[in-house]
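Naming: A, B, ... by sequence-line order, numbering from 1 per chain. For the numbers below, each heavy atom of this structure counts, side chains included, while hydrogens, waters and symmetry mates do not. All of these numbers come straight from a predicted model, not from anything done at the bench.
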Amino acid sequence: MTDVGYSYLDELNDIQRQAATALDGPVMVIAGPGSGKTRVLTYRIAHMINLGVNPGNILSLTFTNKAAREMKDRIERVVGPKAQRVWAGTFHSLFARILRVEAHKIGYPNDFTIYDTDDTKSVITEIITQMNLDKKVYAPGVVRSRISAAKSNLITPKAYLANEELMAYDKMARRPLIHVIYEKYAAKCMRAGAMDFDDLLLQMFRLLYQNPDQVRDKYQMQFKYLMVDEFQDTNYLQYEILKLLTVYPGSKNNICIVGDDAQSIYSFRGATIENILQFENDFPDLQTYKLEQNYRSTQFIVEAANEVINHNKRQIQKKIWTDRIEGNKIKIIKASTETEEGKRVADTIIEQKNRHNLQNKEIAILYRTNGQSRIFEEQLRRHNILYRVYGGLSFYARKEVKDLIAYMRLTINDKDDEALKRVINYPRRGIGESTIENISKLADDNNMSMWEVLTKIDFNQRSRKSIGDFVQLIHAFKAKAAKSNAYEIADYIARNSGIIELLKADKSVEGLGRLENITSLLDGIKEFVDDDEIQVGEEMNTDKSLSTFLQTISLMTDADTKEENPDTVTLMSVHSAKGLEFKSVFVVGLEENLFPSFMALAEGNQVDEERRLFYVAITRAEELLCLTYAHSRYQYGNMRFNDPSRFLEEISDRNLDSIISIHKKPEFPEPKILGNFKPLGSKKPMLSVNVDDFVAANPNDIKPGMEVIHLKFGQGKVMSVDERLVASIVFDGLDENQEKRIMLQFAKLQIVT
DNA sequence: GGGGGCTATGGGGGG
DNA sequence: CATAGCCCCC
């Protein structure tokens with residue numbers, strides 16, 4: 001292989017290069033932490049494109065949408081803008097995108113709703129109530145996870161009933177009717193034109209499985225090259241979909257899986273390491289590459305990680321090593337209480353920032369449970385250290401936001417019963433619980449949606465008026481939706497549903513906040529509609545329907561949302577930290593019953609997965625690693641005394657800093673200025689252009705060399721316009737020679753010269 | 001039918 | 001400690 005013209009391959013070591021250039025046939029890459037996996041994945045795709053593979057024929061499945069965007073961004077630096085045509089994203093988001101086109105072929109509307117966990121639980125609760133079952137025994141959360149597990153293993157309600165093992169387990173747990181709930185739940189979702197998260201996979205499977213000629217063929221032809229990152233965290237269903245796409249007569253089996261069994265941490269949602277073993281069976285002629293050199297962490301950290309993971313018996317044989325310096329030994333903080341743990345971590349952060357000149361964004365605090373964030377937030381706030389908490393209640397999970405979104409959902413898909421139940425009496429319009437229950441029952445008895453019941457069945461005089469009003473309201477929304485863009489509909493709904501009025505009446509601080517959230521939501525939709533810029537790593541999105549907006553936000557996690565102040569300390573669960581790296585990492589709450597969690601200890605044989613989780617946690621650190629625990633902490637109301645985590649003992653002394661004894665520090669004085677702590681969601685000011693004099697030009701008139709004015713970015717020069725009518729523009733007011741890509745079909749540009 | 005206050009209970013990770 | 005769910009009163 002000649003290196004001329006392929007300089008990016010020089011950035012890889014031998015084994016990485018072999019993995020990145022083995023394009024044909026099945027490939028398995030076992031990649032230890034920090035082993036340059038992302039680099040291999042990106043250059044592998046770049047290499048394909050350089051050798052003439054059409055980017056649209058590449059399917060690259062990643063664990064988060066953010067990872068996908070970053071990957072495309074990096075590929076673009078090698079092969080240019082066509083990198084954006086690669087199909088890269090999560091299983092859920094890419095399948096949702098395909099289902100938006102194909103869902104009608106399997107009996108769903110293309111504008112299907114995505115039910116979140118709350119919607120799902122609510123449907124299940126309703127079924128349990130209707131069946132007169134004990135809600136204590138049939139806890140909706142438990143039932144939901146049984147159903148989810150069944151779906152993840154391609155077990156239909158009928159197959160569930162026929163499965164002796166599942167039924168025996170349910171009988172033992174005194175829940176023999178889960179299969180009935182499952183069947184009713186599936187029927188209800190179908191009737192509601194709704195898919196839950198598992199359905200995005202399951203219905204994708206059905207689509208491909210049941211339509212071999214029109215659909216499966218098409219996607220087999222389209223996705224000639226498949227790459228799957230974090231394969232150790234895929235479930236059976238996901239793997240079966242991959243096989244439908246890959247295994248067929250004449251197939252070249254161009255599938256590359258990348259993963260690390262030692263980092264498998266999602267078995268609770270159906271992920272199974274068996275997939276890796278099965279892959280070896282299904283593709284016996286596969287080529288295997290092991291990336292064992294760690295470029296991320298210094299020696300003490302790598303050695304400690306090896307010591308820890310070696311306590312697990314079942315493993316794919318590998319030896320992670322590094323040629324980096326020994327670095328700093330791992331620091332242990334032993335605190336008396338969780339409050340002191342928080343203080344000591346905050347103090348240590350300040351010390352590290354001074355001594356090692358660290359920025360906030362180079363530091364992360366990782367915990368086992370999200371509930372642990374609060375104390376660290378308090379302490380960081382005290383010290384005026386900016387931080388951001390991931391994984392908490394996301395913006396779209398807030399009640400008022402969900403309420404408004406429910407109206408939108410119902411307007412787009414009137415079969416969405418969960419949305420209907422949420423808003424039929426909100427704001428209050430005198431349709432009470434018993435009436436709603438009655439409607440729901442009528443819907444079930446007649447196998448129609450609740451909306452159909454409202455529009456087709458006559459009600460007694462008491463509720464007739466209020467129901468009539470509600471039906472009229474939704475009809476008005478639908479009429480508006482037929483002739484307006486997403487923002488106009490949303491704005492109309494917000495103002496005419498009564499939600500804004502209701503919130504305005506609430507003068508409390510919380511009420512004000514809720515109103516602000518509604519405004520932010522509307523702003524967000526406006527931005528979605530108006531956005532004419534193609535961000536780096538983003539594909540050209542020309543579908544600006546409300547329906548698309550709703551689907552996008554259902555699959556968004558707050559790791560995907562943009563951060564406006566980038567220099568913040570990261571607070572997140574170890575699970576969310578997968579794939580990330582930081583110069584300095586604090587792993588906190590290392591106590592028995594917390595990490596490893598009491599659930600894992602109670603269930604038995606889950607300690608190995610907790611250990612893998614701990615392994616993931618410590619391998620996030622590049623140079624500084626600090627492990628902390630508290631002697632006592634409040635858990636559910638009372639003081640608990642837990643022993644230090646067994647994982648601490650698995651690291652030998654030679655990798656540890658001497659244990660620092662507990663010493664009380666004086667209270668840190670309350671800072672005077674807390675002002676620069678800005679809540680998330682506030683908007684940055686836009687460049688001001690006189691809107692009144694503004695006249696947008698016809699897209700076809702924009703030519704390279706012109707000076708133009710953009711409402712958001714100000715004046716700039718058009719550098720080029722491509723065949724998709726995407727212009728590259730350099731704006732005067734912006735940094736460096738940073739070109740913006742603007743979609744002219746949506747652009748608001750005025751020609752100056 | 002709606003709101004307020006009290007009691008019991010849960011107890012993890014996420015798309 | 002939180003908060004969901006329940007009961008009671010308006």
Undergrad: Would you measure the distance from the C1' atom in B:dG12 across to the matching atom in C:dG5 and give it in whole Å?
TA: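 So the two C1' atoms sit 23 Å from each other.
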Undergrad: Does A:Ser573 have a side-chain nitrogen or oxygen under 4.0 Å from the phosphate oxygens OP1 or OP2 of B:dG14?
TA: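 Looking at the OP1 and OP2 atoms of B:dG14, one of them is under 4.0 Å from a side-chain N or O of A:Ser573.
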Undergrad: Return no unless some side-chain N or O of A:Asn425 is found under 4.0 Å from OP1 or OP2 of B:dG2.
TA: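 For B:dG2, OP1/OP2 do have a side-chain N/O of A:Asn425 under 4.0 Å.
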Undergrad: Rounding to a whole Å, what distance do you find between A:Tyr266:OH and B:dG14:C1'?
TA: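 Rounding to the nearest Å, OH of A:Tyr266 and C1' of B:dG14 are 6 Å apart.
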Undergrad: For A:Thr64, report the nucleic acid contact type (base, sugar-phosphate, nothing); a contact means any heavy atom under 4.0 Å.
TA: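 Contact class for A:Thr64: none.
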Undergrad: Within this structure, what is the CG-to-C1' distance between A:Leu94 and B:dG15, rounded to whole angstrom?
TA: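 Those two atoms, CG and C1', are 13 Å apart.
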Undergrad: Could you state the CD1-P distance from A:Ile436 to B:dG2, rounded to the nearest angstrom?
TA: 8 Å
Undergrad: Given B:dG2, B:dG14, B:dG13, which nucleotide is nearest the side-chain atoms of A:Arg428?
TA: B:dG2
Undergrad: With a 4.5 Å heavy-atom cut-off, do A:Lys504 and A:Glu501 have their side chains touching?
TA: no
Undergrad: Within less than 4.0 Å of OP1 or OP2 of B:dG1, is there a side-chain N or O belonging to A:Thr435?
TA: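 For B:dG1, OP1 or OP2 has a side-chain N or O of A:Thr435 closer than 4.0 Å.
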Undergrad: What about A:Ser597, does its side chain sit under 3.5 Å from the base of B:dG12 through a donor-acceptor pair?
TA: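 Per atom types, the contact qualifies.
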Undergrad: Hey, is the side chain of A:Asn370 poking within less than 4.0 Å of OP1 or OP2 on B:dG13, counting only N and O atoms?
TA: yes
Undergrad: Would you call A:Arg381 and A:Glu378 a salt bridge, using N to O less than 4.0 angstrom?
TA: no
Undergrad: Is the positively charged end of A:Lys151 above the ring of A:Tyr182, judged by distance under 6.0 angstrom from the centroid and angle within 45° of the axis?
TA: no
Undergrad: Quick one: label A:Asp116 by what it contacts on the DNA or RNA (base, sugar-phosphate, nothing), any heavy atom closer than 4.0 Å.
TA: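 Contact class for A:Asp116: none.
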Undergrad: Would you kindly check whether a donor in the side chain of A:Glu610 faces an acceptor in the base of B:dG12, or vice versa, at under 3.5 angstrom?
TA: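 Side chain to base: pair present.
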Undergrad: Give a yes or no on whether a salt bridge exists between A:Glu377 and A:Arg374, defined as a side-chain N under 4.0 angstrom from a carboxylate O.
TA: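 No, no charged N to carboxylate O under 4.0 Å.
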Undergrad: Under 4.0 Å between any heavy atoms, over every strand shown, what does A:Gln238 touch: base, sugar-phosphate, or nothing? Just pick one.
TA: nothing
Undergrad: The side chain of A:His92 is closest to which nucleotide in this list: B:dG11, B:dG14, B:dG15?
TA: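 That would be B:dG15.
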Undergrad: Take the protein atom CD1 of A:Ile424 and the nucleotide atom P of B:dG1, then report the distance between them rounded to whole Å.
TA: 12 Å
Undergrad: If B:dG15 has a Watson-Crick or G-U wobble mate with both distances under 3.5 Å, name it; if not, just say none.
TA: none
Undergrad: Which residue, A:Leu555 or A:Phe598, contacts DNA chain B at a nucleotide closer to its 5' end, judged by nearest heavy atom?
TA: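 Checking each residue's closest nucleotide, the 5'-ward one belongs to A:Phe598.
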Undergrad: Got a salt bridge between A:Glu230 and A:Lys37, using NZ or NE/NH1/NH2 to carboxylate O under 4.0 Å?
TA: yes
Undergrad: State whether the distance check finds a donor on one side and an acceptor on the other, under 3.5 Å, for side chain A:Arg144 versus base B:dG14.
TA: yes
Undergrad: From C-beta outward on A:Phe268, which listed nucleotide comes closest to its side chain: C:dA2, B:dG12, B:dG14?
TA: B:dG14
Undergrad: Quick one: A:Lys66 NZ to B:dG15 P, roughly how many Å, whole number?
TA: 13 Å
Undergrad: Starting from P on B:dG12, measure out to CG on A:Leu594 and report it in whole angstrom.
TA: 9 Å
Undergrad: Please report, rounded to the nearest Å, how far the P atom of B:dG14 is from the CE atom of A:Met599.
TA: 14 Å
Undergrad: B:dG14, C:dA2, B:dG12: which one has an atom nearest the side-chain heavy atoms of A:Arg368?
TA: B:dG12
Undergrad: Mind calculating the distance between NZ (A:Lys121) and C1' (B:dG14) to the nearest angstrom?
TA: 12 Å
Undergrad: With a cut-off of under 6.0 Å to the ring centre and 45° to the axis, is A:Arg612 in cation-pi contact with A:Tyr615?
TA: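 So A:Arg612 doesn't make the cation-pi contact.
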